Each structure stands twice: as C-alpha cells, then as structure tokens.
Amino acid sequence: ETLDLAVYQYQKEAELQASKTSDIILVLSVLVLLTMLLGLVQFILNMRQIKKTEKQFSISRYVFNHSPDGIITADENGVITSANPAIRDLLGWETGVLIGQNLFELINKTAGVQDIGDGEIINSLQTSGMWRNEVLNHMTNQKIYLSVGIRAVYDNDGRVVSYVALLTDISTQKEAEERFRTLSMHDTLTGLFNRMALLESIEHEMCVAKRENTSFAFLILDLDGFKQVNDGFGHQAGDEVLKHIARRLRNTVRESDIIARIGGDEFAVVQRNVDIPADMEILAGKLISEISRPVVWSKEILQVGCSIGISIYPQHARDIDELTHLADQAMYSIKQSGKNHYAIFQAASTPSLNEAA
C-alpha cells in the first residue's frame with residue numbers, strides 16, 4: 001500500500017508537471033504566434049510605407065521633370081547638383097551644363113546689368129533662410145522676366161545641407177503691368193503723357209539737372225478760342241482739334257523733350273538742356289505758329305490760338321509746385337494782355353511779355 005501510494009503520488013506530480021509544461025508550451029506558442037503576427041503586421045506597414053514613399057518620390061520626380069517652373073538644387077556650398085528640364089527654356093542652358101556651377105553666381109549672371117551680387121543673396125539666406133527677387137533674364141535673346149526664390153534646407157541640428165531655387169516666368173504678368181502703367185500714364189484722346197506722368201518726368205529731370213548742373217524749361221500752353229470751337233461745332237470737333245494739336249506738338253519739339261496734356265485744353269512741354277532764354281523763345285514761337293494753323297474738320301475750318309507761360313529750373317524754382325505755379329502765373333498774364341503770346345517768368349518783378357514770332 002505504501003508503494004501504491006508513492007506510485008500514485010508520483011503519477012499525480014508527473015501529470016501536474018506535464019500540465020504545467022503543456023501550459024508553458026501553449027503560452028510560448030501563443031507568444032511565438034503573436035510575435036509572428038506582429039512581425040507580419042509590421043512588415044505589411046513597412047511595405048505600405050515603402051510604397052507610399054516610392055509613390056511620393058515618383059510624384060516629386062514627375063513634378064521636378066514636368067514643372068513649367070525651373071527647379072535647381074545645390075549643396076551646402078551652393079554647387080548645383082540638379083536642374084530640371086524647364087531651366088533650359090528659362091535660362092537657355094542645357095541642364096547638364098549647369099551641374100557643378102555655383103548657384104549664386106548663376107543667378108547673378110542671369111540678372112546681368114542689374115548686378116544683384118552674390119553677397120546680397122548669401123546675406124539674405126544667412127539672415128532669413130530665403131532670398132527672392134524679380135530679374136530680367138540677360139542669358140537669352142528673348143525678353144523673359146523671372147521671379148527667383150532660393151530657400152535653405154536645414155538638418156536637425158540647424159546646419160544648412162542644401163539649397164533649392166525656384167524660377168518662375170512672370171513675363172506675361174510684367175507685360176500686363178507695363179500695359180496698365182502705359183494706359184495710366186497717358187491721355188486716352190491724344191496719347192500724350194497725362195498730368196501724373198508729367199510730374200514724374202519733372203522729378204526725374206530735376207535729379208538729372210542737379211547731377212549734371214543743367215537747366216530745363218517748363219512751358220504751360222493754354223489754347224485760345226477752344227471753347228468757341230466746342231460750343232459752335234460740338235465736342236467731336238473739339239476732340240479733333242486736340243488730336244491735331246498733339247501731333248503738331250510732337251513734330252515741333254525735340255524727341256528728347258516731354259509733352260503732356262494736363263487739362264481739357266491745356267498742354268505742357270518740358271524743354272531739356274536749356275542754355276539761354278533764346279532757346280525757349282524760339283520754341284515758344286514755333287509752338288504758337290504751329291498751333292495757330294487751321295484744322296479742317298468735316299469741311300469746316302477750325303482755328304485756335306495759344307498762350308504760353310514759361311518757368312526755368314533751377315533759376316526760378318527749386319520744386320515742382322513752385323515751377324508749375326510760376327509758369328501758370330506767366331501764362332495767366334498773357335491771357336490778360338491779349339493772348340496768342342508767350343511769357344517767361346521774371347523773378348524780380350512781373351513776367352515779361354513776348355509777342356510770338
């Protein structure tokens with residue numbers, strides 16, 4: 001009985017040990033399966049990420065190759081490492097030729113006479129991490145305006161590892177801006193400069209006169225008898241007279257002089273590089289003579305005269321307001337004294353009246 005009891009006890013312990021071993025094996029099996037399952041899931045996720053990365057890279061490569069904008073990459077020293085096909089159309093250079101060139105020198109060369117300077121670009125990149133400007137491309141025979149932007153790329157430690165440049169053709173936009181500026185600066189009826197353009201031109205001429213120690217004359221021309229033409233024959237006839245006057249002004253003054261229509265029947269001329277008063281008197285006489293010639297319109301003979309006031313920069317005035325005021329004052333004195341004459345402002349007393357030649 002004691003032996004039977006020992007055998008029985010041994011069997012129980014063996015069964016218990018076997019059960020524990022079985023449980024351990026089961027747990028290990030489950031763990032192995034879970035590990036395999038997790039590995040499979042991770043593998044699937046990794047494959048998806050790889051495919052996603054490949055897709056993104058493929059999209060990026062497609063954009064790089066097919067973008068209408070020029071894209072250039074460079075290393076941390078500014079040495080060009082890649083350039084997309086659009087660069088060829090924008091800069092006129094094959095992309096392979098650009099590899100190994102300096103990006104900053106290339107942009108400076110593109111700007112040509114504008115001479116941006118490598119230092120300006122580098123300083124801006126060091127300060128803000130980016131640089132942007134608009135340049136007229138001087139590397140092709142075509143007139144191409146470019147918007148150029150360069151951005152620095154940093155690593156996790158804040159060190160520059162590369163640069164990316166984007167070049168966009170903005171020629172159409174620039175042409176539209178130029179057309180708008182042209183329209184905004186010109187009188188729609190006569191095609192001459194308007195008042196705003198005249199004032200800008202006078203400011204420029206003042207700078208030139210100061211720099212070169214020269215003088216220029218400012219002439220205000222007010223038509224005599226124009227109201228009678230409008231009242232008697234209508235505004236269409238008046239417009240025709242104004243267009244004739246504009247053409248005659250262009251044919252009378254030098255090409256370097258400036259002509260503007262600044263009011264309904266009021267014009268202005270900037271006569272550049274005036275040395276002696278006789279220069280202004282000769283021009284004023286010619287202008288009055290030309291303007292006084294009849295205009296034939298719809299079988300009608302239309303005729304106007306002209307009163308001219310003249311002031312000189314810098315002898316009479318040092319700013320635009322005073323220059324125009326004194327010329328207007330001289331012109332008004334002609335209107336009061338009989339019209340169809342010219343007057344040069346006299347600073348000492350009153351404007352001197354001169355009969356047209």
Side-chain angles (χ1 to χ4, degrees), residues 111-117 120 133-136 138 143 145 174-175 177-187 190-222 245-263 266-288 290-291 306 308-331 342-348 351-352 354:
V113 295
Q114 298 176 59
D115 194 22
I116 292 171
E120 176 190 324
N133 208 331
E134 295 179 358
V135 302
L136 174 60
H138 286 77
K143 190 175 182 180
Y145 285 95
K174 282 293 183 181
E175 289 170 2
E177 290 175 357
E178 187 62 31
R179 285 195 298 270
F180 176 77
R181 176 173 172 79
T182 299
L183 290 174
S184 66
M185 300 292 279
H186 288 77
D187 173 56
T190 63
L192 300 177
F193 275 165
N194 58 21
R195 182 181 291 274
M196 181 173 67
L198 174 68
L199 295 178
E200 285 191 11
S201 299
I202 292 176
E203 285 185 353
H204 173 73
E205 292 305 316
M206 284 181 172
C207 294
V208 172
K210 288 177 183 176
R211 184 174 64 249
E212 300 179 0
N213 194 28
T214 56
S215 302
F216 67 85
F218 178 67
L219 294 76
I220 287 184
L221 299 77
D222 191 84
I245 298 302
R247 287 194 290 268
R248 292 174 186 178
L249 290 175
R250 289 194 188 96
N251 293 333
T252 304
V253 307
R254 296 169 303 181
E255 188 173 343
S256 60
D257 294 335
I258 300 164
I259 319 166
R261 182 186 176 203
I262 57 176
E266 194 171 50
F267 297 83
V269 173
V270 175
Q271 186 184 16
R272 305 177 67 195
N273 297 320
V274 172
D275 296 322
I276 57 176
D279 294 337
M280 295 170 287
E281 295 180 18
I282 292 172
L283 176 60
K286 288 181 178 179
L287 291 173
I288 292 173
E290 284 296 309
I291 290 172
C306 180
I308 301 177
I310 307 171
S311 59
I312 309 170
Y313 179 89
Q315 287 87 334
H316 295 157
R318 295 283 179 172
D319 60 62
I320 294 178
D321 291 340
E322 187 178 9
L323 187 72
T324 55
H325 171 72
L326 296 181
D328 194 64
Q329 185 178 330
M331 184 271 295
Y342 65 86
I344 301 174
F345 179 80
Q346 296 295 311
S352 64
N354 300 275

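Numbering of residues begins at 1 and proceeds along the displayed sequence. The structure presented is a predicted model; accordingly, all values stated were derived computationally and were not measured.
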Any side-chain heavy atom of [X] sitting closer than 4.5 Å to one from [Y]?
X	Y	result
I245	L221	no
V253	I258	no
I310	Q271	no
D222	D328	no

I'd like to check the side-chain contact (heavy atoms from CB on, under 4.5 Å) partners of L183; sequence neighbours left out, ordered by chain and number. none

Working to the nearest 0.5 Å, report the span between [atom1] of [X] and [atom2] of [Y].
X	Y	atom1	atom2	answer
T190	R250	OG1	CZ	6.5 Å
Y342	L283	OH	CG	10.5 Å
I320	S201	CD1	OG	9.5 Å
H325	L323	NE2	CG	11.5 Å
M196	H186	CE	NE2	10.5 Å

Anything under 3.5 Å between a donor and an acceptor, one on a side chain of residues 203-212, the other on a protein residue two or more places apart or in another chain? List them.
| from | atom 1 | to | atom 2 | distance (Å) |
| --- | --- | --- | --- | --- |
| E205 | OE1 | R272 | NE | 3.0 |
| E205 | OE2 | R272 | NE | 3.3 |

Test N133 against E120 for side chain to side chain contact (heavy atoms under 4.5 Å, CB included), laying out the working first. CA-CA 11 Å; N133 208 331; E120 176 190 324; 4.0 Å; yes

Can you list the residues that meet the ring-ring contact (aromatic ring centres under 6.0 Å, His included) rule with Y145, with sequence neighbours excluded?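 Expected list: none.
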
Sequence-distant partners of Y313, ring-ring contact (aromatic ring centres under 6.0 Å, His included), two or more places apart: F216

Has [X] got a side-chain atom pairing as donor or acceptor with [Y]'s backbone, closer than 3.5 angstrom?
X	Y	value
N251	R247	yes
T214	N273	no
H316	L326	no
R248	E290	yes

Testing I259, V270, T324, L192 for side-chain contact (heavy atoms from CB on, under 4.5 Å) with L198, which one passes? V270

Using salt bridge (Lys or Arg N to Asp or Glu O under 4.0 Å) as the criterion, list what pairs up with E322, not counting sequence neighbours. none

Run the salt bridge (Lys or Arg N to Asp or Glu O under 4.0 Å) test against E200 and tell me which residues pass, sequence neighbours left out. R181

For the student: nearest non-hydrogen atoms of I308 and C306, plus distance: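 Minimum heavy-atom contact is CG1-SG, 3.6 Å.
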
Can you see which heavy atom on M280 is nearest to which on I312, and at what distance? CE-CD1, 3.3 Å

Would you please test L219 and L287 for side chain to side chain contact (heavy atoms under 4.5 Å, CB included) and show each step? CA-CA 10 Å; L219 294 76; L287 291 173; 4.1 Å; yes

